[in-house]
Amino acid sequence: MQRLIDAFINSVRAFRRLAASETAFQQELMLLALALPAGWFISVSWRGYALLIGAVLLLIVVEVINTGIEAACDAISREFHIDIQLAKDCGSLAVLISIAITAGVWVIAVIERIAGAPI
């Protein structure tokens, strides 16, 4: 049980630090805050709502992992190194892909709402 408590404490510490200092994380938290009520009105089912919110949460998870990669790389060296650049670029690509997934899910949901039936 102590491991779970320690993991929770570590997670809260990371959340607070990211929320205080990482602009992308702050923006994605604002997106989540907007998505919660907007998704309720856009979705045509509970499954659709879960998918909309899940897509935004996926984006946040990928951003957290990307930030961790960047922090680890910066802790190793702040000087240019081709492998560190690749690690950071891959993290950035992962965020971009998750943005595309999230946007696609939301666009489909809006189309479903306008059309009045699931696609």
Side-chain angles (χ1 to χ4, degrees):
M1 189 67 174
Q2 187 60 44
R3 286 179 52 178
L4 289 174
I5 293 169
D6 292 343
F8 178 78
I9 291 169
N10 293 340
S11 298
V12 169
R13 182 176 57 239
F15 181 89
R16 285 182 179 163
R17 188 162 177 193
L18 291 175
S21 64
E22 290 295 322
T23 304
F25 187 74
Q26 294 166 350
Q27 291 170 343
E28 289 158 2
L29 287 178
M30 285 187 274
L31 178 64
L32 178 62
L34 294 172
L36 288 167
W40 178 256
F41 293 106
I42 292 171
S43 66
V44 294
S45 68
W46 282 104
R47 270 182 292 187
Y49 182 71
L51 184 59
L52 290 172
I53 301 308
V56 176
L57 290 174
L58 171 69
L59 173 60
I60 292 171
V61 166
V62 173
E63 183 64 50
V64 168
I65 293 169
N66 179 48
T67 302
I69 290 168
E70 289 180 356
C73 289
D74 289 345
I76 292 169
S77 174
R78 292 199 181 257
E79 294 179 21
F80 178 81
H81 192 283
I82 193 72
D83 293 332
I84 290 177
Q85 180 187 27
L86 178 61
K88 287 184 171 189
D89 289 349
C90 287
S92 179
L93 176 60
V95 171
L96 180 62
I97 292 168
S98 64
I99 289 170
I101 291 168
T102 302
V105 167
W106 278 80
V107 166
I108 290 170
V110 169
I111 291 170
E112 282 184 343
R113 172 53 74 186
I114 291 170
I119 296 177

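Basis for what follows: all heavy atoms, side chains included, without hydrogens, waters or symmetry-related copies. This chain uses plain numbering: 1 for the first residue, then up along the sequence. If you're wondering where the values come from, they're calculated on a predicted model, not measured in any experiment.
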Do [X] and [Y] belong to the same hydrophobic cluster, where Ile, Leu, Val, Met, Phe, Trp and Tyr are linked whenever their side-chain heavy atoms lie under 4.5 Å apart, directly or via other members?
X	Y	value
Val61	Phe8	no
Ile9	Leu18	no
Ile69	Phe15	no

Calculate, to the nearest 0.5 Å, the distance between atoms [atom1] and [atom2] belonging to [X] and [Y] respectively.
X	Y	atom1	atom2	answer
Ser45	Glu112	OG	CD	7.5 Å
Thr67	Glu63	OG1	CD	4.5 Å
Asn66	Leu59	CG	CG	10.5 Å
Ile53	Leu58	CD1	CG	13.0 Å

With sequence neighbours left out, which residue pairs that include part of residues 31-43 fulfil the salt bridge (charged side-chain N to carboxylate O under 4.0 Å, His left out) condition? none
Indicate every side-chain donor-acceptor pair of residues 98-106 with a distance under 3.5 Å to a residue at least two apart or in another chain.
from   : atom 1 : to    : atom 2 : distance (Å)
Ser98  : OG     : Ala94 : O      : 3.3
Ser98  : OG     : Val95 : O      : 2.8
Thr102 : OG1    : Ala55 : O      : 3.0
Thr102 : OG1    : Ser98 : O      : 2.8
Trp106 : NE1    : Leu52 : O      : 3.3

Partner set under side-chain contact (heavy atoms from CB on, under 4.5 Å) for Val107, not counting sequence neighbours: Ile111
For residues 19-42, tabulate all N or O donor-acceptor pairs below 3.5 Å that involve a side-chain atom, not counting sequence neighbours.
from  : atom 1 : to    : atom 2 : distance (Å)
Ser21 : OG     : Arg17 : O      : 2.8
Gln26 : NE2    : Ala19 : O      : 2.8
Gln26 : NE2    : Ala20 : O      : 3.4

If the condition is side-chain hydrogen bond (donor to acceptor under 3.5 Å, both in side chains), which residues does Arg13 pass it with, not counting sequence neighbours? Asn10
Check residues 78-93 and write down every donor-acceptor pair under 3.5 Å in which the side-chain atom is one partner and the other belongs to a residue at least two apart or another chain.
from  : atom 1 : to    : atom 2 : distance (Å)
His81 : ND1    : Asp83 : N      : 3.1
Lys88 : NZ     : Asp74 : OD1    : 2.6

